[in-house]
Amino acid sequence: MSPQSRPSPATLAGLAPVFTALGDATRLQLVSRLCHEGPLSITRLADGTALTRQAVTKHLRVLGDAGLAGSERHGREQLWHVDARRLAEVRRLLAQVSAQWDDALGRLAAFVERERR
């Protein structure tokens with residue numbers, strides 16, 4: 001991978017809050033549910049869990065601040081959804097990092113092979 005394909009410091013700084021938000025198991029679970037089930041209310045997200053609606057609200061605010069989730073009012077309900085564009089940004093960054101690791105491992109393997117000869 002060429003140096004030009006490395007993420008810029010600004011890109012990394014912009015995505016750091018996403019990784020911070022996803023570093024919490026509860027928030028990661030909420031994102032997973034929203035991805036699989038589509039937009040849900042806080043009440044629906046809290047149902048079947050040990051979380052209170054207040055706790056779900058706090059976690060959703062963190063996800064919202066990181067740009068991962070948003071909400072829209074539908075009648076009397078506030079439905080939360082995942083921002084697919086933000087997840088796509090994260091996916092692209094992870095693909096770049098993965099390619100960098102693959103490149104580094106390839107160079108290491110080539111070095112080891114040269115040293116064996």
Side-chain angles (χ1 to χ4, degrees):
M1 174 167 276
S2 65
Q4 295 91 355
S5 62
R6 281 191 217 141
S8 71
T11 297
L12 295 174
L15 289 175
V18 173
F19 290 100
T20 299
L22 293 176
D24 179 88
T26 300
R27 288 191 288 270
L28 189 56
Q29 182 181 18
L30 289 172
V31 168
S32 178
R33 279 197 63 196
L34 290 170
C35 284
H36 286 84
E37 298 176 39
L40 295 170
S41 68
I42 291 169
T43 301
R44 289 278 315 275
L45 285 165
D47 285 347
T49 71
L51 296 172
T52 64
R53 289 190 310 274
Q54 292 79 11
V56 170
T57 300
K58 283 179 149 181
H59 286 295
L60 288 171
R61 283 189 184 136
V62 172
L63 292 170
D65 290 346
L68 283 168
S71 67
E72 293 181 21
R73 184 159 294 283
H74 289 273
R76 294 172 57 186
E77 285 189 314
Q78 191 89 6
L79 297 181
W80 284 83
H81 62 274
V82 168
D83 185 335
R85 292 170 297 167
R86 190 69 161 161
L87 285 180
E89 287 178 57
V90 172
R91 187 178 306 121
R92 281 191 297 276
L93 174 66
L94 291 175
Q96 286 178 318
V97 170
S98 178
Q100 289 171 343
W101 273 99
D102 290 345
D103 185 49
L105 290 172
R107 288 191 316 269
L108 177 62
F111 172 78
V112 169
E113 286 300 315
R114 281 193 308 271
E115 291 299 309
R116 282 188 188 168
R117 294 183 203 152

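This chain uses plain numbering: 1 for the first residue, then up along the sequence.
In the hydrophobic cluster analysis, where Ile, Leu, Val, Met, Phe, Trp and Tyr join through side-chain heavy atoms closer than 4.5 angstrom, L79 is grouped apart from L51.
Atom NE2 of H36 is surrounded by 12 or fewer heavy atoms from other residues, nucleotides or ligands within 6.0 Å. Heavy-atom contacts from other residues, nucleotides or ligands closer than 6.0 Å to CZ of R44 number 12 or fewer.
Taken from CG in L34 to CD in Q29, the straight-line distance is 10.5 Å, to the nearest 0.5 Å. The distance from atom CD of E113 to atom CG of L108, rounded to the nearest 0.5 Å, is 10.5 Å. Separating the CD atom in Q78 from the OG atom in S41 is a distance of 10.0 Å, to the nearest 0.5 Å. The OG atom of S71 sits 12.5 Å away from the CG atom of L40 when rounded to the nearest 0.5 Å. In this structure, the separation between CG on L45 and OG1 on T26 is 12.0 Å, given to the nearest 0.5 Å.
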For residues 53-67, which side-chain N or O atoms pair as donor and acceptor with protein atoms under 3.5 Å away, sequence neighbours left out?
residue: T57; atom: OG1; partner: R53; partner atom: O; Å: 2.8
residue: H59; atom: ND1; partner: R27; partner atom: NH1; Å: 3.2

Task: Check against side-chain contact (heavy atoms from CB on, under 4.5 Å), I42 and E77 - done: CA-CA 9 Å; I42 291 169; E77 285 189 314; over 6 Å; no
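Pairing each heavy atom of H81 with each of P39, the nearest pair is CB-CG, 4.1 Å. Nearest approach of P7 to Q100, heavy atoms of both residues: CD-NE2, 3.7 Å.
E89 has no carboxylate O lying under 4.0 Å from a charged side-chain N of R92, or vice versa, which leaves the two without a salt bridge.
Checked by atom type and distance alone, the side chain of R73 pairs as donor or acceptor with a backbone atom of R76 at under 3.5 Å.
Inter-residue side-chain proximity for L87 and C35 is flagged as met; some heavy-atom pair is nearer than 4.5 Å.
Applying the salt bridge (Lys or Arg N to Asp or Glu O under 4.0 Å) test to every pair with at least one member in residues 7-19, sequence neighbours left out, gives no pairs at all.
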